[in-house]
Amino acid sequence: MERTLKFKIFRYNPNIENDKPRVETFKINETPRLNVFTALNRIREEQAPDLMFDFVCRAGICGSCAMMINGRPTLGCRTLTSDLPENIELYPLPFFKMLGDLSVDTGIWFRGISEQLESWVHTQKEFDPEAQEERMDNALANKIYESERCIECGCCLAGCATAQAYPNFLGAAGLNRIGRFIMDPRDQRTDEEWFELVSTDEGVFGCIGMMACDDVCPKELPLLEVFSYIRRKMSTVPLKR
Amino acid sequence: MRVITSDVLVIGAGLAGERAAIACAKEEQEVIILSLVPPRRSHSSAAQGGMQASLGNSIKGKGDNPTIHWLDTVKGSDWGADQEVARIFADNAPIAMREMAHFGVPWNTVEAGPRDVYIKGKKATIVEEKEKEGLITARAFGGTAKWRTCYTSDGTGHTVLYTMDNLVVQLGIPVHDRMEALQLIHADGRCYGAVVRSLRDGEIITYLAKSTVIATGGYGRIYGESTNAVINEGTGSWLALQTGVVPLANMEAVQFHPTGIVPTDILVTEGCRGDGGILLDVDEYRFMPDYEPDKQELASRDVVSRRMKEHMLKGKGVKSPYGEHLWMDLRHLGKEHLTTELREVHDICMYFIGVNPITDLIPVRPTQHYSMGGIRVNKDGHAYNLEGLFALGEVACWDMHGFNRLGGNSLAETVVGGMIIGKKVAEYTKKASLKTDKTLAEQFAKKEQDKTALLLNTPEGENVYKLRDEISAILIKDVHIFRTEEGLTRATDGLLDIVKRTKNVKVQSSAPGMNPELSTALRIEGMAKQAYLIAKGGLDRTESRGAHSREDYPKRDDNKWLNRTLARWPDPDGEPVFTYEPVGLLDLPPGYRGYGDDLREDMKMSIEDYNKKIPGEQKQHGRLETSEPIGTKLPKEMWKSEVKETK
Amino acid sequence: MPSLKTELYPEAASRHSKTSEAYRKAKKAIINEWISGLTGAILAMFICGHLILESSILLGKDAYQWTVHLLEVTLPIAKPIVILITIVFFIHFVWASRKIPGKFQDRKRMMELGKKIKGSKKLWNQDKKLETSLARHFETSLWIWQVRTGMIVLATGAFHLILVAWNIFTNMGVSGQQPGLSADIATSRVESGLWILYAVLMFAVVTHMAIGVYRLLVKWFADTWFVRKYSRTLFYFLFWFYIVLGIATTIGLAGPWEGLLS
Ligand SMILES: Cc1cc2nc3c(=O)[nH]c(=O)nc-3n(C[C@H](O)[C@H](O)[C@H](O)COP(=O)(O)OP(=O)(O)OC[C@H]3O[C@@H](n4cnc5c(N)ncnc54)[C@H](O)[C@@H]3O)c2cc1C
Ligand code: HEM
Ligand code: HEM
Ligand code: SF4
Ligand code: F3S
Ligand code: FES
């Protein structure tokens with residue numbers, strides 16, 4: 001039984017002066033295994049040549065295509081229309097700067113976060129091409145990888161009510177990033193440095209536990225677990241003499 | 001018009017571009033990186049399986065060394081590689097892996113003690129050594145003598161790219177994302193930068209630099225059905241081709257990966273087979289051991305893809321509404337393994353085709369995956385014929401891959417290449433001076449502006465998406481795994497026609513800003529022309545080598561075709577010019593690869609004579625001087641001891 | 001490699017001392033979090049006990065009277081507890097409210113999101129076992145309800161505290177009567193129409209407490225064995241247990257029947 005899908009898509013082009021945000025409706029026939037990636041491309045090629053959206057890997061690994069699909073922030077390429085009703089509403093992610101229609105500027109935000117958090121391994125050691133690498137327990141490597149898997153799609157921020165109210169909030173992705181480096185023994189930052197970075201109202205204590213980040217993260221990162229790890233770890237810092 | 005200057009302009013923020021940029025920044029050069037997308041979205045992040053380096057920490061990699069890695073690489077290339085470059089690569093790969101560990105990649109490491117694995121379809125137990133515990137481990141990949149592929153679960157490209165980008169942030173290297181380089185600014189054999197279009201607001205900007213580096217990745221999307229990202233439309237190689245002087249090399253060498261899933265063409269990594277996955281046919285019969293008794297599923301990619309196609313042609317394929325396919329079986333690896341070390345694969349199958357690899361078979365077929373060919377550069381990464389232009393990564397033909405690259409070698413190439421070529425770029429830049437020739441820049445920018453205006457104002461013309469689909473339809477039909485004269489002739493004729501039609505494209509929407517349709521329209525000529533080079537190169541090369549497989553010429557012809565195709569397009573409205581250069585110094589003499597068919601025509605010339613003519617001939621084709629003479633990095637016949645040992 | 005970015009700042013060396021501005025700010029944040037969390041936890045424990053004791057009315061006025069006697073006379077802890085809880089109550093109110101966006105605009109944006117994510121057909125939770133059929137994201141709605149109920153508790157709870165404190169510390173202007181509570185005072189008060197207020201307070205405080213405990217556990221212990229799923233189960237349990245008990249108690253206090261179980 002073939003359905004006719006009705007896509008209601010948010011339209012707005014900031015490059016056009018006085019352009020008004022609006023919702024436009026496009027109809028397409030559903031084909032087997034149709035996903036939002038294919039559907040949007042069909043709409044662009046057949047009906048709305050100026051429709052803006054972002055896809056890169058179309059395989060759920062690059063994080064470009066996050067959007068609000070029927071109210072839920074998620075990856076467009078990975079969403080099958082067969083899981084959705086006939087009416088499909090597409091909005092760009094809130095929180096991020098809008099570039100046009102469904103396209104938002106997640107890249108700049110994440111670069112800013114990386115700079116702010118100094119998201120790299122801080123070490124005084126010089127790399128020695130002759131020397132063996134530092135050993136690391138495989139279990140620990142896997143644990144770091146769990147956090148490292150974040151694809152910076154921004155769903156967690158778009159779904160977090162706190163982030164909507166406090167634009168400086170680091171958000172789940174930012175906190176997760178710090179967690180990844182706290183876990184990493186190669187990073188020589190001290191507890192005090194972590195403390196300053198994360199134990200703030202923009203940091204982990206800005207999170208009031210809405211848990212939406214955990215529910216929408218398409219990579220199913222253990223976000224809440226990372227947060228409570230950080231919370232408890234930070235709690236001991238001011239107690240130390 | 002805005003003009004932005006820097007010492008080094010790196011086009012492309014994938015692994016290759018970022019690593020080179022870092023090398024330059026460390027030498028205190030001012031670097032700007034351009035990218036179509038935020039750097040971490042580059043397609044390097046999609047690489048799953050891992051990267052090869054002969055660290056030899058895992059017990060199954062014990063005794064590995066760069067020479068064995070080099071041997072595998074040269075054989076894998078079907079002797080099409082530049083053996084010196086392959087040597088540079090193999091020697092530096094272990095250093096690059098350790099360096100990435102130092103920078104923060106959480107490599108999977110050796111866990112001492114026994115562990116169950118699957119080798120050649122059979123369960124086996126291996127015991128990892130205590131003394132290696134905690135060092136970078138490795139998994140098996142195709143066409144290798146040892147387990148050599150370093151990995152982080154099945155998100156290797158992701159972690160390495162993120163770590164690399166962290167470093168870029170640390171060094172404060174600006175990345176101008178959502179920027180598309182449209183054309184190189186060049187005159188009299190010297191490159192001065194690029195004309196760039198902003199994908200945020202459509203502004204045309206010129207970037208001037210002492211040296212320009214192209215690292216824009218593959219062109220797989222020209223094929224339509226490809227494992228590549230949708231941004232991989234060959235815009236980087238098009239930059240070089242447009243100059244008319246820089247040649248694209250070996251464009252006919254296109255890799256088809258055995259396991260793209262059906263119907264979405266998303267890749268599931270070679271690591272699946274490396275970890276013990278097997279291929280089955282319609283009767284759920286394991287057919288690979290019949291064709292390749294020794295390597296089985298782990299022969300090189302060109303061989304496995306061909307065998308799969310061959311088997312399907314025998315009627316053993318599985319019919320489906322999306323065409324014929326075969327099965328990959330991972331069920332025996334177990335839930336634990338599939339949800340940890342092959343987790344992405346598991347997720348991709350679940351989300352995109354609704355197949356649970358723990359309990360079901362995965363539908364797979366060979367799918368376009370990688371381009372061995374690309375912008376021809378010398379061993380320093382310096383492009384032929386154009387000073388100040390460098391290229392590396394998948395877009396380049398540095399040429400360690402020849403006619404077939406081994407899985408895990410390209411991700412490693414990006415990092416090793418970035419390390420080495422980046423240094424050369426910095427050296428060159430330090431010596432170079434920048435004549436900021438603004439009029440030249442304006443002249444080139446004007447060309448692009450005119451082109452845009454033309455596309456928007458053509459009253460009647462071709463639909464760009466239709467042209468794109470026609471190109472890929474031709475390539476899929478006639479320039480695929482098996483090629484024939486008939487098919488290739490049909491393809492070249494069709495493509496030449498499309499090339500002409502790309503001059504008359506009409507863009508429907510004139511919306512300011514990103515204007516996605518206009519972006520595609522600006523790329524379409526490059527896509528058509530490169531498609532033509534692939535087909536024509538294939539038509540002219542009357543032999544079968546690596547991934548280039550001619551049904552009508554099944555032999556590898558070392559007498560006539562031990563060379564590299566070079567294609568330039570000097571007259572934009574005319575036809576391209578093809579020439580051929582020797583592949584590079586031969587140290588390992590051409591021979592049997594150890595898998596696949598052994599159909600060969602031997603070289604009549606002696607190796608000494610072949611080697612002697614190389615410097616002169618390559619120079620004639622435009623190779624610029626290298627900082628060290630040819631051959632300095634290729635130790636003579638070191639492989640001999642290894643070959644004896646492995647026998 | 002040129003200097004790390006941190007080294008671009010001459011004051012980098014002193015940046016991380018315990019007297020630095022950043023450190024002090026961070027310390028303030030963590031202390032704030034502890035205060036609101038701890039006071040919340042204390043109040044939650046108090047309410048859990050309080051409502052159980054209150055339910056002794058279900059066993060009859062004598063049982064209730066016995067409890068009152070126990071707390072006021074046998075172990076005279078009633079007075080100190082009243083003082084303590086009143087203080088904690090107000091501290092919690094002040095500290096916890098700092099998380100409510102001050103600007104109306106921000107509150108509006110939060111609610112907007114709530115609305116935006118409404119009507120999501122695909123369920124929010126990925127773990128099937130946690131799936132809910134609510135249209136909105138469940139835990140986000142819970143937080144909004146926590147704020148709302150908190151406000152209600154502030155008004156009604158404060159009123160209630162004043163009433164009981166008046167009972168416990170004074171003879172309420174009735175000469176000759178001992179200060180202190182009794183079953184009669186309690187029931188007569190509730191009977192006489194205040195039951196509406198108590199019902200509201202009870203609903204609000206139970207909801208607020210159950211959500212608060214859930215969130216507190218997830219915030220601090222999600223990475224231990226007590227994973228979110230368990231916290232969530234506990235939330236449902238606390239909520240329903242105390243709602244049922246509370247309704248029964250309210251009826252008992254307002255009592256058309258006296259001593260439901262006796
Ligand atoms: C699905 C998949 C899996 C793979 N798995 C493996 C593996 O397991 N092991 C392995 O060794 N190899 C693997 N490969 C191959 C390997 O990932 C790629 O060859 C390699 O990552 C290419 O890196 P790159 O830096 O050259 O290009 P990319 O990472 O593709 O980066 C290209 C960059 O150039 C930019 N760019 C492109 N055009 C322009 C332009 N005109 N202007 C400005 N910027 C531009 C892009 O924005 C991007 O930043 C895989 C490839 C695919 C497709
Ligand atoms: C320590 C101080 C407190 C004392 C001594 C106390 C005492 C009492 C008493 C005697 C009653 C019976 C009704 C009445 O006599 O009015 C009662 C009911 C109630 N109290 Fe308190 N209380 C205290 C604090 C609180 C607090 C801080 C809250 C919550 C904010 C609270 C919530 C309730 C509720 C909800 C009921 C009604 C129970 C029901 O109907 O199920 N009390 N309390
Ligand atoms: C004075 C009236 C009250 C108000 C205005 C109020 C308000 C709040 C608010 C806004 C929060 C959320 C804070 C955050 O998420 O960090 C909160 C949390 C909490 N409240 Fe209250 N509350 C009140 C009374 C109570 C009472 C009587 C209890 C005991 C049952 C209680 C128990 C909790 C708990 C356990 C938390 C969780 C703390 C945390 O998440 O850190 N509150 N309260
Ligand atoms: S944490 Fe999850 S939801 Fe957030 S950006 Fe990363 S992958 Fe996306
Ligand atoms: S949704 Fe937001 S409030 Fe915290 S738990 Fe997640 S970051
Ligand atoms: S396009 Fe890469 S995640 Fe969807």
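All values derive from a computational prediction rather than experimental measurement. First the proteins, then the strands, lettered A, B, ... as listed; each starts at 1.
The existence of a salt bridge linking E86(A) and K6(A) is excluded, since no basic side-chain nitrogen approaches an acidic carboxylate oxygen closer than 4.0 Å. Salt bridge annotation for E115(A)-R111(A): present, with a cationic side-chain nitrogen under 4.0 angstrom from a carboxylate oxygen. Taking the charged nitrogens against the carboxylate oxygens, E139(C) and R228(C) do have a contact shorter than 4.0 Å, which makes a salt bridge. For the pair E89(A) and K8(A), the salt-bridge criterion is not met [side-chain N within less than 4.0 Å of a carboxylate O].
Each of D101(A), L90(A), I28(A) was compared with L40(A) under the side-chain contact (heavy atoms from CB on, under 4.5 Å) criterion, and only L90(A) meets it.
For T79(A) and N35(A), the side-chain atoms include no donor-acceptor pair closer than 3.5 Å.
For the set K25(C), E33(C), K28(C), the entry with the most heavy-atom pairs within less than 4.5 Å of chain A is E33(C).
Heavy-atom proximity under 4.5 angstrom to chain A picks out Y214(C), R215(C) from residues 200-217 of chain C.
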